[in-house]
Amino acid sequence: MRKTTKTEKALIAIVLLLSISLISAVVLLLKPAERQTVRLNPTPVPQVEKNPASIAVPGYEGLQLKADQLEQEISLRNPEQNDCYFIIELVLEDGTLLWQSERIDPGEVSAPIVLLQPLEAGTYPNAVLSYSCFRLDDHSPLNGANTKLTLRVK
Amino acid sequence: MKKFCALLLIVLMLATAMPVALAENTTTLTTTVPDATYTLNIPADQEIAFGAESTEIGTLTVTDASGFAVGKNLAVTLTYGDFASDVIETTIPMMLNCKYKGRLSNGDAIYEDKDMPTGSILVFKGNNEGSVDLPLKDGTNSFRLNSMYVKIESTDWGKALGGDYASVITFTAEVVKGE
């Protein structure tokens, strides 16, 4: 049997590398794109007319949070047309308080959410954003709202 | 050397032909369903005059809704208690009442109302424009939510001791799958 020369060995190595590269490229090209996420826009809404008879409460079907860390990138807003301030709480389905905002005046956004405890990666349905609403002058309570949502922690 | 060249040719042919073969046999369709977002507009507060048996407090609407669809609705649960005070023993029972607006065949407006005890649910049904429609009375007929009232029986006014009372209504919204 004839011995393989050094040149042939090098050629074989190059061919094998080329083949592996081609197969990897094909696999990567055919892999489905990762799910896109909708990011909240923390920019305040444009100036609008105040409506003291009504309170506008933003609601979300879901929010995405970062796993295993307290600091998040999400801020929540109080729409400019409101004539009251918000204090917002984020609570898990079992009643665990994850976050309480500072006072959020109309047209303002909260500081980025800092959780009271980190969450493991996973899906947390039936979490609640609880909006407590207060008059700007005497701080007396107004009607409030809760919005249920799913937390997706990645 | 000839054998080696033949092997090299076969490997190269296979490597270049594989993507074409895979691409021809597989069509990957992907989509992203965005989370629904909305603004729930709730009545702020209302001073109820002593003795008033029915007082309009505004209405409940949804604006800036997106990501909804037919079969993806927004359910709003109404929760409230009696009028109460920290310093007075008596309470004043209340009932929320929704007034719904419809149209006669000649175009004239017509109204119907319905009592909404605490725990009642109003459903804003998703539409094919990504938004939601005003709730229908009983979810079926053509009467749509127009305004909300607080009803207090005159006899309940009579039982209340003098003082300041308050009641807070909580509106709990949830994106739900329709039937």
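In what follows, chains are A, B, ... by sequence order, proteins preceding strands, each numbered from 1.
If you chain together hydrophobic residues whose side chains sit under 4.5 Å apart, M94(B) and L60(B) fall into the same group. Linking Ile, Leu, Val, Met, Phe, Trp and Tyr residues whenever their side-chain heavy atoms come within less than 4.5 Å places L129(A) and L70(A) in a single cluster. By the criterion of side-chain heavy atoms lying less than 4.5 angstrom apart, applied directly or through intervening Ile, Leu, Val, Met, Phe, Trp or Tyr residues, L78(B) is grouped together with M95(B) in one hydrophobic cluster. No chain of hydrophobic side-chain contacts below 4.5 Å, direct or via other Ile, Leu, Val, Met, Phe, Trp or Tyr residues, connects V176(B) to F68(B).
At distances below 3.5 Å, not a single donor-acceptor pair connects side-chain atoms of R144(B) with backbone N or O atoms of L136(B). One N or O on the side chain of T118(B) and one on the backbone of Y80(B) form a donor-acceptor pair closer than 3.5 Å. Panel note: side chain N106(B), backbone D108(B); a donor-acceptor pair is recorded below 3.5 Å.
The residues K72(B) and E61(A) are annotated as salt-bridged, a charged nitrogen and a carboxylate oxygen being separated by less than 4.0 angstrom. Remark: E108(A) does not engage R77(A) in a salt bridge, criterion side-chain N to carboxylate O under 4.0 Å. For the pair D113(B) and K101(B), the salt-bridge criterion is not met [side-chain N within less than 4.0 Å of a carboxylate O].
Of the residues considered (P52(A), S54(A), A145(A), S130(A)), S54(A) shows the highest number of contacts with chain B, using heavy-atom pairs under 4.5 Å. The residue among P58(A), G59(A), A56(A) with the most heavy atom pairs within less than 4.5 Å of chain B is G59(A).
Between Y85(A) and F134(A), the ring planes lie parallel to each other; the angle is under 30°, not in the 30° to 60° tilted range.
Against chain B, the residues from residues 136-144 of chain A that qualify, each with a non-hydrogen atom under 4.5 angstrom away, are L142(A), N143(A), G144(A) in number order. Of residues 157-168 of chain B, those residues lying under 4.5 Å from chain A by any heavy-atom pair are S167(B), V168(B).
Heavy atoms of N126(A) lying under 4.5 Å from chain B belong exclusively to its side chain.
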